[in-house]
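Report on the following structure.
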Amino acid sequence: MRIVVVGCGKIGKAIIQRLVAEKHDVLAMDNNPAVIESITNAYDVMGLCANGTEYGQLMEAGAHKADLFIAVTGSDELNMLSCFAAKRMGAKHTVARIRNSENTTQESLSFMIKGLGLSMAINPEHLTAQAIYNIIKLPLASKVEIFSSKGFEMIELQLKNVSALEGKTVSEIRKQAKIKFLICAVSRNGETYIPKGDFTLRSGDKIGLIASEPDIPKLFKLLGVEQKPIKSVIILGGGMTSVSLASMLTKSRISTKIIEKEEARCEDICELVGSGVTVIHGDAMSQELLSEEGINTADAFVALTGMDEQNILISVYAMSQNVPKIISKVNRSELSAIAQKLGVDTVITSKTIMADIIARYARALQSASGSKVETLYSLMDGNAEAIEFTVMSDFKYIGVPLKDVKFKKNALLAGIVRNNKSIIPTGDDVILADDRVIVISSNLGTDDISDMLE
Amino acid sequence: MNYRLIFNTMGKVLVILAALLLIPLIVSVIYLEIAPAWAFLITAGISFLTGLLLILTCKPKTNVMFAKEGLIIVSFAWIAVSLTGAVPFTLSGEIPSYVDAVFEVVSGFTTTGASILTSVEEMSHGLLFWRSFSHWIGGMGVLVFVMAITPKATDRSIHIMRAEMPGHSVDKLVPKANETAKILYIIYIVMTVVLIIMLLCGGMPVFDSIVHAFGTAGTGGFGVKANSIGGYNAYLQWVIAIFMLLFGINFNLYYLLLLRRFKSVLNSTELKTYVLIFLASVIIVCINIFPMYSGFEEALRMSVFQVSSIMTTTGFSTTDFNLWNSAAKAVLIVLMFTGACAGSTAGGLKMSRVVILLKKVGNEFKRVLHPRSANIVKFEGKRLDEATISGVQSYFTIYIVVFVATFLLVSFDTTYGFETDFTAVAACFNNIGPGFGAVGPMGSFVGYSPFAKIVLSFAMLLGRLEIYPLLLALSPNTWIKK
């Protein structure tokens, strides 16, 4: 697809990286020549130094022929204007980053989306908050994805101690457990594996597993991790993400505290989040303040300040205070690897979330034009992905038991949805036409199930 | 440094070279030339096996590369291709000395067209074809060719393109680098085929048409006749003159034409300067040589052809311009250095650089007159930043330095005088081919010592790759780990 990306900041860059990996034709636009230079050096894209609202420059960028036009500059107004212009010129779909200031209502946002002809408005802060919220609801996971068909949940979690399972192969665990689940990806020492039946788990592995929702508590018990629901959360930093998150948490009756440095901002937050949230004015880096506010009794600790380093350090401190769940927002992917090395189990990177959403959207657009991908989720920091396909009637192995279907080394069938019922497959299950199947693969950018077979 | 990636790419280049060597092999078979056919077959075999070995043993762990790797890949590839491409000449016995063969094939790939042959017409068809075919490949670039036909381009392949494509800045036509390479090659192939057809229509034999079309497209200049294009009729001379000019234009402009963006083409500063300099040179030369020829048409044809040939650094000739008066010769010498447009198959300094340098000099004048005036350099409608301008200025400096150094080294060979040495270096370094004096259009480089030939071969490579890649690849600082 021809895609134009306006604005090559952190989020723009992450989006470009993902889209290039998926083999789209990408044109990157930014008004800073140095940024364009570094983007064209690092990725196979065409660069254009322009601000993205001027007719001539948009023509030069081919916005009128673009299948997807994405505006992710730091300014809402600029994004809206350039998406509007591109749409009027003939771009098929437009996506704008709109961080809508906190007092805009959902109503006014939908009005703007409709008026500007946007296909989608993305709000990084809100989406990040949503992702953190999903994790808090299922605290042992470092990432939770709910597949479109519901019923399935894809959970990533870090194994702290698997002594009970040490040395056993994946298929032995499955037999012993009598629960239907599937370990679909394992990340160990920076390498991502798609495990087959003879794979053995080790402590410290980060695994991705698929199971149906009611089985999850039993499964966690089996893996030696007991789950206690989270009742109280301390959030550090009073940015827009924190506000969105606090609103979601209060709706689920979780007691929430926000710690923010600036007094004026504290008062603004009070106004925005309502009385369910305690807003504390103080320096989050002060350990005294944290113990005063009861860090050692909190169930979860979320570091959302604007500084990656600060978030990581304070998360490490929270670990020493035995907070059961620690979530840290880290914007730079290099630091996110370091944070995980230091033991911070859940690291959230908003740009990855954005890139996921855009890539998923692009895939869905493509599926409308021939290919059969329904949705796509990226796993293990983007080293593997889960793809949902609809099986066409011309698929070679219709009705053949799965144990006789040879999947490639880096691919795994993780789920089948038939007539709205979800099946975690075993070797005796079969694939039928019109089934929806979920396939995990570390070979990124596949868009046909036949590419995953030997 | 990503050594594995460098050697792996090198392997691919050698395998593709082996495939390319099969084409002259077919030509040899058609003309029933046994010795050259064997020579091509053996060379292709060696090249294929070495390439395969490199590909199999050096699987890159990562595809990450930086400007440094790009420059090294390009220079190594060109050296490897030259050394391998020379083997058939020696193996078949038609150019017994390997140094001579390397000179000839470097001259081919770099689209220079300088030859050590004294009697072209005695060469076998297969080798003549290979010589000209190397022009055609080298014109657009060996690695650009590899990029166009291999499906997987790495994210950073722009570094390779930048190192191989001439000009101060390389723009992609479409987002993907290998798509860009493909488009460039398609334009190139279509134009070459059109030229072949037009030459056939003018009554040129099939073999000659193909070979001359290769020479023109790559702005190379190897022919099959001792008097180059001089023996063909006026129509053919006009066709080749015009096509040389066309191949000297930035290929991006052809793509813009295909996109129907005629305005941007007509507004191109570089194109305007190119046409203007061409017309001015033709007028001066024509006035100066008018008395030597029988009529206005002939004098005009001679001046258009020679100006076009030298300016686009092709090196074909229809007359011995050694015999022209000094004013006409001086114009040609100036044109040797300016070259044609960036992004074309031509060599030389390139129009775009000349324009930028002159504009910058103009600004300096203005600054002396009005010390507080603010000045910028605009090129193709866009303001150039200081880094680009100083890049062009340093290129000019290194260009002069390399020229002087080469000239000094060649002068140690005292066979010829000043005029021959100077123009020999200019003709090789700017990838033109013939110079004046003993290396004129009717002469040959055969009289130079092996040392001078090696220096000149090196100058041709430096000129084609625009100096930096080769110098950096050979500089110890690139390799020593500190």
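The sequence lines fix the lettering, A, B, ..., with proteins before strands; numbering per chain opens at 1. Quick caveat, the model's predicted, so the values are computed rather than measured. Reckoned from all heavy atoms, side chains included, excluding hydrogens, waters and symmetry mates.
A distance-only check finds no donor-acceptor pair linking the side chain of B:Lys176 to the backbone of A:Asp44 [under 3.5 Å].
Within 6.0 Å of NZ on B:Lys359 lie more than 12 heavy atoms contributed by other residues, nucleotides or ligands. No more than 12 heavy-atom neighbours from other residues, nucleotides or ligands sit within 6.0 angstrom of CZ on B:Phe396. Within a 6.0 Å radius of CZ in B:Arg367, other residues, nucleotides and ligands contribute 12 heavy atoms or fewer.
Note that CE of A:Met59 and CZ of B:Arg261 are 8.5 Å apart. Values are rounded to the nearest 0.5 Å.
Here the closest heavy-atom approach between residue A:Thr40 and residue B:Arg162 is recorded as OG1-NH2, 4.3 Å.
A salt bridge links A:Glu60 with B:Lys382: the closest approach of a Lys/Arg side-chain nitrogen to an acidic carboxylate oxygen falls below 4.0 angstrom.
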